[in-house]
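This report refers to the structure that appears directly beneath it.
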Amino acid sequence: MPLKTIDATVSTFDSVFDEFGSEAPKNKVNLILFLADKDPSTNLSWCPDCVRAEPVIYKKLETSTDDVALLRAYVGDRPTWRNPQHPWRSDSRFKLTGVPTLIRWENGAVKARLEDHEAHLERKIDALISS
C-alpha cells in the first residue's frame, strides 16, 4: 500500500491538519511525525535524534501492508524549538517535549506515541502501527 505523506510547518499546520483529519477515515493508520527542520546548507536535520529515526520510520511505514497516512510537522530551527512557548509544546493535543515524536492519531486524539528516545526502535514503530 502506498504511504501518503503531507508536510506542514508551524504556520501552515492548522489548515494542513484539518485536511489530514478529513482524510483520516480513509486510512487504516494515521500518524503525525514531529521533526526538526533541515539545515539548508547540509539538507540534514539539526536534530541528531531525527537524523537517526527518520530513515527507520520511513522504512517501516513504506513496508507496511496497511494504508498509512503520515503528516510530517516541522517544528522549526533549533532556537524556535527551544522556546518554551513553542505552540506544539503548549498544545493540549500534543504536549511535545522532544523531537522526533511519532503519534498515532485516531478519532481526534492521540492513541499512542513514541518520544524522541524511542522513535528509532523498529519494534516500537511496529507496535505503534499495529496498536
Side-chain angles (χ1 to χ4, degrees):
M1 302 288 162
L3 170 65
K4 294 178 265 184
T5 60
I6 186 170
D7 293 337
T9 62
V10 173
S11 62
T12 64
F13 184 78
D14 288 339
S15 62
V16 172
F17 187 67
D18 288 345
E19 178 184 334
F20 179 75
S22 69
E23 293 289 315
K26 299 176 186 171
N27 307 307
K28 172 98 172 155
V29 181
N30 295 287
L31 303 171
I32 306 169
L33 176 58
F34 290 94
L35 295 164
D37 282 14
K38 296 191 184 315
D39 178 335
S41 64
T42 63
N43 204 34
L44 291 175
S45 173
W46 56 259
C47 165
D49 290 337
C50 294
V51 171
R52 177 174 62 167
E54 268 191 279
V56 179
I57 291 168
Y58 297 146
K59 180 180 118 192
K60 295 307 279 180
L61 297 183
E62 288 167 358
T63 59
S64 173
T65 57
D66 293 325
D67 285 330
V68 177
L70 176 67
L71 168 55
R72 293 184 293 203
Y74 292 93
V75 301
D77 61 15
R78 188 184 309 257
T80 301
W81 171 242
R82 296 278 186 228
N83 181 340
Q85 303 307 313
H86 189 286
W88 294 331
R89 289 183 182 276
S90 57
D91 189 313
S92 62
R93 296 170 296 183
F94 309 120
K95 298 178 188 154
L96 290 189
T97 58
V99 288
T101 297
L102 183 62
I103 290 176
R104 181 164 179 151
W105 188 258
E106 271 185 29
N107 301 317
V110 173
K111 178 170 185 202
R113 69 192 297 143
L114 297 178
E115 303 289 345
D116 52 346
H117 63 280
E118 60 190 354
H120 66 286
L121 300 172
E122 290 190 31
R123 65 183 166 73
K124 296 233 179 185
I125 298 166
D126 286 338
L128 184 83
I129 293 169
S130 63
S131 64

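Numbers for residues simply follow the sequence, beginning at 1. What you see is a predicted model, and the numbers here were worked out from it, not measured in a lab.
Annotation for Glu122 and Val56: closest pair CG-CG1, 3.5 Å, computed over non-hydrogen atoms. For the pair Lys60 and Asp126, the tightest heavy-atom approach, listed with the atom from each and the gap, is CE-OD1, 2.7 Å. The two residues Asn27 and Ala69 make their nearest non-hydrogen contact at ND2-CB, 3.3 Å. When all heavy atoms are compared, the tightest approach of Glu19 to Ile6 is OE2-CD1, 3.6 Å. Nearest heavy atoms, Thr80 versus Val75: CG2-O, 3.8 Å. Val99 and Asp49 get closest at one heavy-atom pair: O-CB, 3.9 Å.
Under the 4.5 Å side-chain heavy-atom criterion for grouping Ile, Leu, Val, Met, Phe, Trp and Tyr, Leu70 is not connected to Ile32 through any hydrophobic cluster. Linking ILVMFWY side-chain heavy atoms closer than 4.5 Å, directly or via other members, places Val29 and Val110 in two distinct hydrophobic clusters.
Listed by first and then second residue, the salt bridge (charged side-chain N to carboxylate O under 4.0 Å, His left out) pairs that reach into residues 75-91 are Asp91-Arg93, sequence neighbours excluded.
Leu121 CG to Leu114 CG: the interatomic distance, rounded to the nearest 0.5 Å, is 8.0 Å. To the nearest 0.5 Å, atoms CG (Asp39) and OG (Ser45) are separated by 9.0 Å. Rounding to the nearest 0.5 Å gives a distance of 9.0 Å between CG of Asp7 and CG of Leu35. Note that NZ of Lys38 and SG of Cys47 are 10.0 Å apart. Values are rounded to the nearest 0.5 Å. How far NZ of Lys111 is from CG of Leu128: 9.5 Å, rounded to the nearest 0.5 Å. The CD1 atom of Ile103 lies 10.0 Å from the CG atom of Leu71; values are rounded to the nearest 0.5 Å.
The closest side-chain heavy-atom distance from Arg113 to Leu96 is below 4.5 Å. The shortest side-chain heavy-atom distance between Leu33 and Pro100 falls under the 4.5 Å cut-off.
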Inset, instruction - Carefully, step by step, assess Ile125 and Ile57 under the rule side chain to side chain contact (heavy atoms under 4.5 Å, CB included). - result: CA-CA 7 Å; Ile125 298 166; Ile57 291 168; 3.7 Å; yes
Legend entry - Working for side chain to side chain contact (heavy atoms under 4.5 Å, CB included), residues Val16 and Arg72: CA-CA 10 Å; Val16 172; Arg72 293 184 293 203; over 6 Å; no
Inset, instruction - Just do the side chain to side chain contact (heavy atoms under 4.5 Å, CB included) check on Asp67 and Lys26 with the steps written out, would you? - result: CA-CA 8 Å; Asp67 285 330; Lys26 299 176 186 171; over 6 Å; no
Legend entry - Derivation and outcome, side chain to side chain contact (heavy atoms under 4.5 Å, CB included), residues Tyr58 and Thr5: CA-CA 10 Å; Tyr58 297 146; Thr5 60; 5.9 Å; no
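Between the side chain of Asn30 and the backbone N or O of Ala24 there is at least one donor-acceptor pair closer than 3.5 Å. Thr12 places no side-chain N or O within donor-acceptor distance of the main-chain N or O of Ala8, the cut-off being under 3.5 Å.
Classified by interplanar angle (parallel below 30°, tilted 30° to 60°, perpendicular above 60°), the ring pair Trp105/Phe94 is tilted.
The only member of Tyr74, Trp81, Trp88 that meets ring pair (Phe, Tyr, Trp, His ring centres under 6.0 Å) when paired with Phe34 is Trp88.
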